[in-house]
Number of protein chains: 2
Amino acid sequence: MLKYEQIAQQLNQYIVEGNFQAGDKLPSVEALKSKYNVSKSTIIKALEALEKKGNIYQARGSGIYVRNQKREGYLNLFSSSGFSDEIEGSHVTNKVLRVEEVLPPKDVCQKLKLSHDTSVYVLERIVYVDGAVLCFEQSYFNKDIVLYLNESIAENSVFKYLEQNLKVKIGFSDIYFAVDKLKSQEAEKLELSNGDPCLRYEQIFYTTTGIPFDCSNLLYHYQNAHFYIPSQK
Amino acid sequence: MLKYEQIAQQLNQYIVEGNFQAGDKLPSVEALKSKYNVSKSTIIKALEALEKKGNIYQARGSGIYVRNQKREGYLNLFSSSGFSDEIEGSHVTNKVLRVEEVLPPKDVCQKLKLSHDTSVYVLERIVYVDGAVLCFEQSYFNKDIVLYLNESIAENSVFKYLEQNLKVKIGFSDIYFAVDKLKSQEAEKLELSNGDPCLRYEQIFYTTTGIPFDCSNLLYHYQNAHFYIPSQK
């Protein structure tokens with residue numbers, strides 16, 4: 001973890017433990033610089049990271065203020081780094097249905113910018129939060145980046161494995177979604193009924209250098225999934 | 001419009017008209033500085049704005065690259081500045097059902113940080129894209145910021161009116177949503193059936209100085225609304 005990420009984490013802890021409310025003013029950059037004994041640029045980068053995550057806002061010429069905390073159990077779609085990180089305080093488990101090497105469908109080839117004869121890993125699993133179905137996930141991984149994958153890895157956080165073991169630098173992602181009705185096979189996976197509502201959700205993840213490495217299709221359970229976006233103009 | 005916003009707009013036009021594809025490299029900051037004849041800091045701010053909107057990404061030490069264009073007709077939830085801006089190329093119309101001054105419900109008081117005896121504007125309208133229902137919108141506006149509102153204003157973009165006429169500086173917003181089934185009265189408004197899927201969507205807008213001024217509840221039509229989020233780690 002980089003220095004500014006550590007400071008961002010400590011600052012966030014300071015906000016949570018200090019019982020700061022939305023609209024409360026934080027100490028100035030200068031004061032935070034002394035408090036954490038780091039450079040001004042580290043403080044600024046830490047604040048930018050917290051601003052992106054929706055924890056704080058900076059009003060020009062006025063100061064740094066605390067933003068609304070996201071509601072408990074809500075997935076933050078703006079800074080998505082895997083379910084485990086996002087649903088704090090909850091117990092996330094995965095039931096892996098399938099991990100194998102396959103030739104990807106045509107649309108996945110295009111999205112991962114791979115030729116049609118390049119094999120990829122496909123992962124299918126059901127994600128549970130505190131024992132309740134959150135979603136069914138089908139992910140295709142570019143093997144140039146995701147060098148190895150198996151069932152026991154997929155039972156835990158794939159993204160933690162990618163970052164910590166394979167040293168993948170996860171950059172940005174494109175999310176597309178719409179509401180729809182479940183087909184009967186899909187409904188079974190989510191323990192729901194044919195025709196029940198769902199969120200059809202597609203996410204393509206890129207490395208920091210812009211290589212698409214994960215093309216995922218998710219089906220969210222309409223009663224168990226709630227979403228939050230700290231949006232900006 | 002500030003200088004860097006103008007440059008961001010011109011840069012975006014340059015990307016679109018130049019037929020840049022996702023992954024294509026843009027000229028360096030120095031080259032853009034000369035091209036647009038502005039300061040380096042203006043270019044950097046323009047690039048940051050485009051990065052936030054999901055138009056480009058900057059790979060450290062490597063350069064500036066074009067990101068995926070959002071799909072046509074998709075609403076960008078990260079930088080939300082009203083429907084008209086977001087659904088480019090489409091014709092957005094509103095049918096206003098109600099504009100009046102009311103005492104707000106308790107939860108709205110809390111979200112707008114108003115005392116229970118402070119009146120607010122309530123607006124109810126149906127938003128259409130190319131004649132098809134996009135959503136039903138119910139918004140409560142803090143009258144300290146939204147000084148005046150009437151039906152003919154609400155038939156057009158309220159946010160353009162706020163920015164251009166009332167000089168409101170729109171800052172950030174909190175979005176919360178979940179999928180649900182429509183109740184019969186709601187279904188009527190969306191021209192759908194009782195029990196059909198929908199997206200229940202709440203958004204609280206703040207000024208740049210952190211004053212909550214708009215607390216909106218939206219119900220999105222499940223077949224006509226598609227969403228995009230340029231997400232970051």
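Proteins get letters first, then strands, A, B, ... in listed order; numbering begins at 1 in each.
No more than 12 heavy-atom neighbours from other residues, nucleotides or ligands sit within 6.0 angstrom of NZ on B:Lys40.
For the pair A:Lys181/B:Tyr222, a side-chain contact is recorded, criterion being any heavy-atom separation below 4.5 Å from C-beta on. Within the 4.5 Å cutoff, no side-chain heavy atoms of A:Leu77 are placed close to those of B:Ile175. Counting heavy atoms from C-beta on, the side chains of B:Gln203 and A:Ile229 never come closer than 4.5 Å.
Atom NZ of B:Lys113 is separated from atom CD of A:Gln21 by 9.5 Å, given to the nearest 0.5 angstrom. Annotation: the span from A:Tyr176 atom OH to B:Tyr228 atom OH amounts to 5.0 Å, rounded to 0.5 Å.
Heavy atoms of B:Lys169 lying under 4.5 Å from chain A are absent altogether. For B:Thr208, the part lying near chain A is the backbone, with the side chain staying farther off; criterion is any non-hydrogen pair under 4.5 Å. In this structure, chain B has no heavy atom under 4.5 Å from any part of A:Tyr65. For B:Arg67, the part lying under 4.5 angstrom from a heavy atom of chain A is the side chain only.
Contact count against chain A (heavy-atom pairs under 4.5 Å) is highest for B:Cys198 among B:Gly195, B:Cys198, B:Gly54. In terms of heavy-atom pairs under 4.5 angstrom with chain B, the leader among A:His221, A:Gln223, A:Gln58, A:Glu202 is A:Glu202.
Ring geometry for B:Phe177 versus A:Phe177: interplanar angle under 30°, hence parallel rather than tilted (30 to 60°).
Scanning both residues, B:Ala225 and A:Ala178, for their nearest heavy atoms gives O-CB, 3.8 Å. Heavy-atom minimum distance, B:Thr209 versus A:Ala59: CA-CB, 4.2 Å.
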